There are 2 protein chains.
Amino acid sequence: MTLIEQVYESIREAIVLGRYAPESRLKAQHIKDDYGVSGTIIREALNRLISDGLVIANDRRGFSVAPFSAEDLADIIQARLLIEVDVVRQSVEAGDDDWEMALVGAYHGLDKQEQAVDIENEASLRALETANRAFHDQLGAACPSATLRAFYNQLFTRHYRYRRVALREQAILTAAREDHKTLLDAALKRDAARATEITRTHILRTQKFSDRLISAFAKTPTE
Amino acid sequence: MTLIEQVYESIREAIVLGRYAPESRLKAQHIKDDYGVSGTIIREALNRLISDGLVIANDRRGFSVAPFSAEDLADIIQARLLIEVDVVRQSVEAGDDDWEMALVGAYHGLDKQEQAVDIENEASLRALETANRAFHDQLGAACPSATLRAFYNQLFTRHYRYRRVALREQAILTAAREDHKTLLDAALKRDAARATEITRTHILRTQKFSDRLISAFAKTPTE
DNA sequence: ATTCTATTTTTTATCGATATTTTTGTTGAC
DNA sequence: GTCAACAAAAATATCGATAAAAAATAGAAT
């Protein structure tokens, strides 16, 4: 694994988890010391993060963390509604037996984490998110369009910045768990209409908490 | 304008116009001589081109030009159908007076190029494409979702790699010209349904030529 | 002739230093 | 006290060189 990759992953995580505050500037000169690498590496990693919509390049003024706002969240949710619904529909329609098996497996892994989750425990929440992502990825994996899947990926990551705050709500977790079960059932029955409907509801669930999410994050220590 | 930006633009154009053959490797060491800059600059420019879907990063094996294939074209068209249709719908519904004025202006510019176009003349075709893009950009400009507009942008550029071959067909140009006129009318009347319908047809028009496009490009000199 | 290994060449990833640009801070005039 | 002009400091963009890795080549052994 190349150094750039490692740094890229680290910075991405730092942004997603809010360790680099939204809209704060990412100064290569400063960051390089955190990772003990050259400034060039940081710059390359930041350039790649632009693709993910997590970093913004300001001409001659370096890079900064993408904003974190109610509008941004609304934008993400809206785009997800359009794209992910289509990805799921196509995937459910096109998935073969191997896909089914992998999906059942991913669901099992997710279910386990959902049972065991401890809201107070950061590591537990992280494990839950990993399993959650794996399940949703697998749900869309059979979609033939690589482009749509790439878009979906970007949106999923960007959305996680907001969702992780919501994960602390027991009500959300319970509701999400229901969704996942229903999603699996619909997918296995090849009921694309049902699967897309649940996907919609599932995505919209965080929206209700929008305001609370934003203000909760605003309290995160800056820089 | 920063050096990276300039090199980025140049390489992008080179890829879109096929001067760097699809799937060929982009060797920083070699390219840097073409532009008289350091290897770092090339690498950074290439990293940014990943966002545009024109360049692919191969771990420890540098970068290469994105593939050019019937599947890729089908993928692009499919994604455009989903995303651009939505962008246009939202834009037509949300556009204000300023937007209308700018749209009429862009249409005028496009119409002029369409009248004057000379299929044999490369500069003329390029001017046409610039005007074409400006018109379509403006058509979607009032869509409130920055994310969807960004996706649309990427797809438009990727699609152009294929479309530019089709531009040499008089039949396509004539049909496209009709589309544009109808699009403008529908947009001004705020007839979103009509506008999206035409957008659909417009996007699909190149698909018929798919096979011919691919083989025409295959004849392009490789590296 | 084919496969395996060792060696050379090419290419990539990475570094540390420097020129340029932006930001910050200070002083002096109105 | 505000503004402008200038000087100092910080940050960015850029370079050229090097270490590490991959690809190409050549030679030996089956």
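Proteins come first, then strands; the chains are lettered A, B, ... in the order of their sequence lines, and each starts at number 1. Predicted model only: the values in this text are computed from it and were never measured.
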Undergrad: Check B:Arg149 with B:Asp137, please: is the shortest side-chain N to carboxylate O separation under 4.0 Å?
TA: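 No salt bridge links B:Asp137 with B:Arg149.
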Undergrad: For the pair A:Glu93 and A:Arg89, find out whether any cationic side-chain nitrogen is under 4.0 Å from an anionic carboxylate oxygen.
TA: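 Counted as a salt bridge, because a side-chain N and a carboxylate O are separated by less than 4.0 Å.
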Undergrad: What string of B, S and - do you get for nucleotides 10-21 of chain C, 5' to 3', when a contact is any protein heavy atom under 4.0 Å?
TA: -SBBBBB----S
Undergrad: For residues 31-38 of chain B, tabulate all N or O donor-acceptor pairs below 3.5 Å that involve a side-chain atom, not counting sequence neighbours.
TA:
from	atom 1	to	atom 2	distance (Å)
B:Ser38	OG	B:Thr40	N	3.4
B:Ser38	OG	B:Thr40	OG1	3.4

Undergrad: Among residues two or more places apart or on two chains, list those pairs meeting side-chain hydrogen bond (donor to acceptor under 3.5 Å, both in side chains) that have a residue in residues 100-113 of chain A.
TA: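 Counting only pairs at least two positions apart or across chains, the side-chain hydrogen bond (donor to acceptor under 3.5 Å, both in side chains) contacts touching residues 100-113 of chain A are A:Glu100-A:Arg190, A:Asp111-A:Arg177.
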Undergrad: Using a strict threshold of under 4.0 Å (side-chain N to carboxylate O), is an ion pair present between A:Glu169 and A:Arg205?
TA: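 Salt bridge between A:Arg205 and A:Glu169, a charged N being under 4.0 Å from a carboxylate O: no.
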